[in-house]
Amino acid sequence: MADTTGNTAASQVGEADSRPRKSSWRYIGPGIVVAATGVGAGDLVATLIAGSNFGYTLLWAAIIGCLVKISLAEAAGRWHLSTGRTLFDGWASLGRWTTYFFAVYVVIWGFVYGAAAMSSSALPLQALFPDVMDLEWWAIACGLVGLVFVWFNKYAVFEKVMTVLVGVMFVVTVYLAIRVTPNLGEAFAGLLPVLPDEKDSILNTLGLIGGVGGTITLAAYGYWVNAKGWTDTGWMKVMRLDNRVAYATTGIFVVAMLFVGAELLHSANIAIASGDKGLIQLGDILADEYGSATAKFFLIGFFATSFTSLIGVWHGVSLMFADFVTRYRTRAQLKGEEVASGERERSWPFRAYLLWLTFPPIVLLFQDEPFRLIIIYGVLGAAFMPFLAGTLIWLLNSARTPREWRNGPLSNVMLAIAGLLFLVLCVKQIWDQPWADFF
């Protein structure tokens, strides 16, 4: 049997044993990683703002967002386990256009995201230690720590550290939700699908559904499943339990922050800024309401949230990039066993992308973000999720997937809903860009 505690090579365990494993809590791991990486500071702020603007009205939308992401991550994991091939290998089988899209996306997205992730992790550290150094140097320090950590550690250690940081996030968010004393009657009423009586309420609702942990890390989930040592259909039940735990955890984070927004901000009619700086404002509000100890406790949770996203992307997207380069160079079919062996984590493309995420974005920390690049980044980012949903529907309804593991009606419906949701959000993102100033 494959070792479930870290990377395992197929050559070390003999022939793949595809007998079903009993789904057990002791196997949980990749789901915690994807939950921690997918829920960043921006997601928490978006949920806080939804709570501050609409109270508990959109609680149902936050929960639906988690259900949509369950279907996407499950589909990615099912592809890896049922075919033994990686997701990029599946994309490549659909035509060269997928390679071109991913190549442009991963280069531009990584450059801009690297700066954003480092800044997000630096903000709570500067707030906790205001007289130590400037924000830019905190950001560089966070990026370098993430680089060194991912460079020298394989998946098993990475997963353990992520689990500890998720524990910190969990304790902080649940503590805050309890501290603000939520109105449980109104919270239960918020489970009814009702739209706020506001302008653009439909788009705001769709944005909340789509923003709950929805990033490229959903595509990376299959790679983390393989890195855990799960490479065949015998792990299917375990993967599905793991995935449900992931988005149950995400749901707790989101619901807790919506409670905070509804009780602390909505009731007092307090507005906070969008983006990571909104969490710094929340820290100041918590200090006024509950004292500096609570505010510092919150900032520790803010750092855990941001830093898990940083090291999660540093590891997961680097795995995907290494897979992309290998497929482009060899044209050979890519197997999940190669990810499980740890070979990808030692490869030069993996480490080259780590360097790309860390060093070039430092330039953006010391100057205004390049206007045209940010527009392209926004459009590509919005286009990735429809791309993921659409290609998963294509792959998992075709002969590329063994018949037993192809999509059923429920999977198709959920993936179609996800695809349409993200397509609407993509069109809105493209429409909202200041194209007149671009040219």
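Checked by atom type and distance alone, the side chain of Arg85 never pairs as donor or acceptor with a backbone atom of Lys335 at under 3.5 Å. Judged by distance alone, the side chain of Thr401 and the main-chain N or O of Arg406 form no donor-acceptor pair under 3.5 Å. Panel note: side chain Asn226, backbone Trp230; a donor-acceptor pair is recorded below 3.5 Å. Checking side-chain atoms of Thr98 against main-chain N and O of Leu94 turns up no donor-acceptor pair under 3.5 Å. With Asn243 contributing its side chain and Ile70 its backbone, the two residues share a donor-acceptor pair below 3.5 Å. In this structure, the side chain of Ser52 engages the main chain of Ile49 through a donor-acceptor pair within 3.5 Å. A donor-acceptor distance shorter than 3.5 angstrom exists from the side chain of Asn153 to the backbone of Phe149, with no hydrogens or angles considered. In this structure a side-chain-to-backbone donor-acceptor pair under 3.5 Å is missing from Arg327 to Ala92. With hydrogens and angles disregarded, no donor-acceptor distance shorter than 3.5 Å links the side chain of Thr37 to the backbone of Val34. Looking only at distances, no side-chain donor or acceptor of Ser119 sits under 3.5 Å from a matching main-chain atom of Ala116.
A heavy-atom distance below 4.5 Å is not found between the side chains of His266 and Phe54. Contact annotation: the side chain of Trp60 never approaches that of Leu192 to less than 4.5 Å [non-hydrogen atoms, C-beta and beyond]. When side chains are defined from C-beta on, Leu258 does not count as touching Leu48, because their heavy atoms never get closer than 4.5 Å. Side-chain atoms of Tyr113 and Val317, non-hydrogen and from C-beta on, never get closer than 4.5 Å to each other. Counting heavy atoms from C-beta outward, Leu191 and Phe188 have side chains that approach closer than 4.5 Å. Residues Pro349 and Phe324 fail the side-chain proximity criterion, which asks for heavy atoms closer than 4.5 Å. Using a 4.5 Å cut-off on side-chain heavy atoms (C-beta onward), Val225 and Val339 make no contact. Side-chain contact between Glu289 and Leu264 is present, with at least one heavy-atom pair separated by less than 4.5 Å.
Thr231 contributes atom OG1, which lies 4.5 Å from atom CD of Glu337 (distance to the nearest 0.5 angstrom). Thr326 contributes atom OG1, which lies 11.0 Å from atom CG of Asp89 (distance to the nearest 0.5 angstrom). Put simply, OG1 on Thr294 and CG on Leu286 are 7.0 Å apart, with the number rounded to the nearest 0.5 Å. Taking CG of Leu420 as the reference point, atom CG of Leu415 lies at 11.0 Å (rounded to 0.5 Å). We find the CG-NZ distance between Asp242 and Lys228 to be 8.0 Å, quoted to the nearest 0.5 Å. Separating the CE atom in Met162 from the CZ atom in Phe307 is a distance of 9.5 Å, to the nearest 0.5 Å.
Aromatic ring centres of Phe321 and Phe350 lie farther apart than the 6.0 Å criterion allows. Between His80 and Tyr221, the distance separating the two ring centers is not shorter than 6.0 angstrom. Separation of the Tyr27 and Trp235 ring centroids falls under the 6.0 Å cut-off.
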Next item on the list: Please lay out, stage by stage, how Tyr247 and Glu74 fare under the test side chain to side chain donor-acceptor pair (under 3.5 Å).
Entry: CA-CA 11 Å; Tyr247 283 95; Glu74 188 275 339; over 6 Å; no
Checklist line | Residues Leu282, Met257; criterion side-chain contact (heavy atoms from CB on, under 4.5 Å); working and verdict | finding: CA-CA 11 Å; Leu282 179 62; Met257 294 311 287; 4.1 Å; yes
Check: Under the side chain to side chain donor-acceptor pair (under 3.5 Å) criterion, do Thr358 and Trp314 qualify, and how do the steps go?
Finding: CA-CA 9 Å; Thr358 307; Trp314 264 228; 3.0 Å; yes
Checklist line | side-chain contact (heavy atoms from CB on, under 4.5 Å) assessment of Val106 paired with Met320 | finding: CA-CA 9 Å; Val106 80; Met320 295 181 68; over 6 Å; no
Next item on the list: Dump the intermediate steps for side-chain contact (heavy atoms from CB on, under 4.5 Å) on Leu310 and Met118, then the final yes or no.
Entry: CA-CA 7 Å; Leu310 186 151; Met118 289 188 277; 4.1 Å; yes
Margin query: Go through it in stages, so that I can follow the logic: the residues are Ile32 and Glu159, the test is side-chain contact (heavy atoms from CB on, under 4.5 Å), and I'd like the CA-CA distance, side-chain angles, deciding distance and then a yes or no.
Written below: CA-CA 8 Å; Ile32 296 296; Glu159 182 189 289; 6.0 Å; no
Next item on the list: Applying side chain to side chain donor-acceptor pair (under 3.5 Å), run through Asn183 and Tyr56 and close with a yes or a no.
Entry: CA-CA 9 Å; Asn183 185 319; Tyr56 295 100; over 6 Å; no
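The shortest heavy-atom contact between Gly146 and Ile311 is CA-CG2, 3.8 Å. Taking each heavy atom of Leu395 and Ser398 in turn, the nearest pair found is O-OG, 3.0 Å. Between Thr86 and Trp79, the shortest heavy-atom contact is O-NE1, 2.9 Å. The nearest pair of heavy atoms linking Ala295 to Gly283 is CB-O, 3.4 Å. For the pair Pro124 and Phe302, the tightest heavy-atom approach, listed with the atom from each and the gap, is CB-CD2, 3.7 Å. In this structure, Ala304 and Val168 approach most closely via the heavy-atom pair CB-CG1, 4.0 Å.
Ring geometry for His315 versus Tyr155: interplanar angle of 30 to 60°, hence tilted.
Among the candidates Phe102, Trp91, Tyr100, Phe422, the single residue satisfying the ring pair (Phe, Tyr, Trp, His ring centres under 6.0 Å) test with Phe387 is Trp91.
Around atom CZ of Phe170, no more than 12 heavy atoms belonging to other residues, nucleotides or ligands sit under 6.0 Å away.
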